[in-house]
Number of protein chains: 2
Amino acid sequence: MGVEHLDYLIEIAENNGLFASYQTTTSQLSKKLSTSQQTVSRNLIEMENQGLIERKVNLNGIELKLTKKSIQLLENLNKRLNSLFNRKSSVLKGIVTSGIGEGRYYVSLPQYQKKFKELLGLLPFAGTLNLKVNLSDLAQFIHNLENIEIPSFSTKERTFGSITCYKVKIKNIDAAIIMPERTRHEKDIIEIIAPFYLRSKLHLKDNSEVLLEK
Amino acid sequence: MGVEHLDYLIEIAENNGLFASYQTTTSQLSKKLSTSQQTVSRNLIEMENQGLIERKVNLNGIELKLTKKSIQLLENLNKRLNSLFNRKSSVLKGIVTSGIGEGRYYVSLPQYQKKFKELLGLLPFAGTLNLKVNLSDLAQFIHNLENIEIPSFSTKERTFGSITCYKVKIKNIDAAIIMPERTRHEKDIIEIIAPFYLRSKLHLKDNSEVLLEK
DNA sequence: ATTACTAACCGGCGAGTAA
DNA sequence: TTTACTCGCCGGTTAGTAA
């Protein structure tokens, strides 16, 4: 699973490429790897026994070379990391649901409507579109999006909680994900505001699939 | 240097993306990571203290999330691995030298000339071009090249050693790197054969730079 | 100079268990 | 069920040193 002796393998690989051999000494390596000469010696023998390296002792020290096995290990690790970092994150898929979100309430209040217009540049339709999304895709999607905060504010009568918004586009319509403060805990249903009643404008029904874009 | 607790970080990342949090239990993790529940618990606390993860214990287990620090660590590792695997290897730079290579001798023998024609499809000029190259670039360059072997053979008078060849192109001229068996040990001067006297054909002098292509 | 063995030590691992 | 503490044990690390 976890690549054993990874630091050794990378040290060898970075010093002479994946395929050439690396003339060094155990004490040189021990400094680079912050350990003792003896530990390096023992670990290299162990790695050789595991088929991770070829190891030739000579007068000047040791000649080390990665084996196919260890190159493969590094390659697999590289692929796994790549797939973590290269996930498509410019699009988020959502499924239309009719759960009653709290956003619907907020968006109906004139005080917030004004704020939405001011900060997002859109006067929202008095209702939200609820989308069920994959939580981890959501986190990835909004990770690089600008975080537009509508701060909490108070009138004589009551206090209005803050809302976090992210500008998105749905079929080229400017819209926004809104997340009321008190529902900040991660949940897999998000609410979208837009200048139109999206359900009719985009002919959406429950379980329709929608793509949010940045 | 070496990323600590890498297997833990990857496990978390692969389960819920880099940015979302991961609801799990220490015993679930211990199975996946082939260790004990106690060790997982201890390591997670340690990782939290090192600022590698955020960790929230709840009734159902633990909620884990990578921090910026650990995402950065993974990203750095990914970049280092990428630069190992993405090295340009379709071109090899060589510097013309006039060291007397052994290939010059072999290539002058009619027995080898016949073999070169047969196996490489080129009747070589009776001399070689010596190039100084970077050893690790060389290893990378020939790694994926077909390894054409001229076996050793004997006549009544003597024995001829084997030669390993790699087909290459220099300015679109078909050529080959030749490596006599007895000089198989890695050295940073290689010998090139081609149907022409390359020095004059390409106007090369000592220290001229030459690009070998696949 | 090297590598690498031996032996003492020290720290991580996990069984048991509390909360 | 959880998490995570204590503690005994085992194994990796390193000092000393041989080759």
Could you walk me through whether B:F19 and A:F141 pass the ring pair (Phe, Tyr, Trp, His ring centres under 6.0 Å) test, one step at a time?
CA-CA 9 Å; B:F19 306 108; A:F141 183 72; over 10 Å; no

Indicate whether OP1 or OP2 belonging to D:dT3 is found under 4.0 Å from a side-chain N or O atom of B:S41.
no

Does D:dT14 have its OP1 or OP2 closer than 4.0 Å to a side-chain nitrogen or oxygen of A:T35?
yes

In whole angstrom, what separates [X]'s [atom1] from [N]'s [atom2]?
| X | N | atom1 | atom2 | result |
| --- | --- | --- | --- | --- |
| A:Q38 | D:dG16 | CD | C1' | 8 Å |
| B:N49 | D:dA4 | CG | C1' | 13 Å |
| B:L64 | D:dT2 | CG | C1' | 14 Å |
| B:I45 | D:dC5 | CD1 | C1' | 9 Å |
| A:L44 | D:dG12 | CG | P | 15 Å |
| B:R42 | D:dA4 | CZ | C1' | 11 Å |

Sole candidate of B:I71, B:N43, B:L44, B:L73 that passes side chain to side chain contact (heavy atoms under 4.5 Å, CB included) when paired with B:L52
B:L73

Counting distance only, does the side-chain N/O of A:Q113 pair as donor-acceptor with the main-chain N or O of A:V107 below 3.5 Å?
yes

Base, sugar-phosphate, or nothing for A:T25, non-hydrogen atoms under 4.0 angstrom?
sugar-phosphate

When you look at A:S30 and A:Q37, which way does the side-chain hydrogen bond (donor to acceptor under 3.5 Å, both in side chains) test go after all the steps?
CA-CA 5 Å; A:S30 72; A:Q37 176 271 322; over 6 Å; no

Can you give me the first and the last nucleotide of DNA chain C (5' to 3') that has an atom within less than 4.0 angstrom of a non-hydrogen atom in chain B?
C:dG12 to C:dG16

Assign each of B:I62 and A:N43 the nucleotide of DNA chain D bearing its closest heavy atom; nearer the 5' end lies the nucleotide of B:I62

Want to settle it: does B:S36 or A:R55 sit nearer the 5' end of DNA chain C, counting the closest nucleotide to each?
A:R55

Partners passing side-chain hydrogen bond (donor to acceptor under 3.5 Å, both in side chains) against A:Q28 (at least two apart in sequence or in another chain)
A:T24

ring-ring contact (aromatic ring centres under 6.0 Å, His included) with A:F85: which residues, sequence neighbours excluded?
none

Among B:N130, B:D206, B:N207, which one satisfies side-chain hydrogen bond (donor to acceptor under 3.5 Å, both in side chains) with B:S98?
B:D206

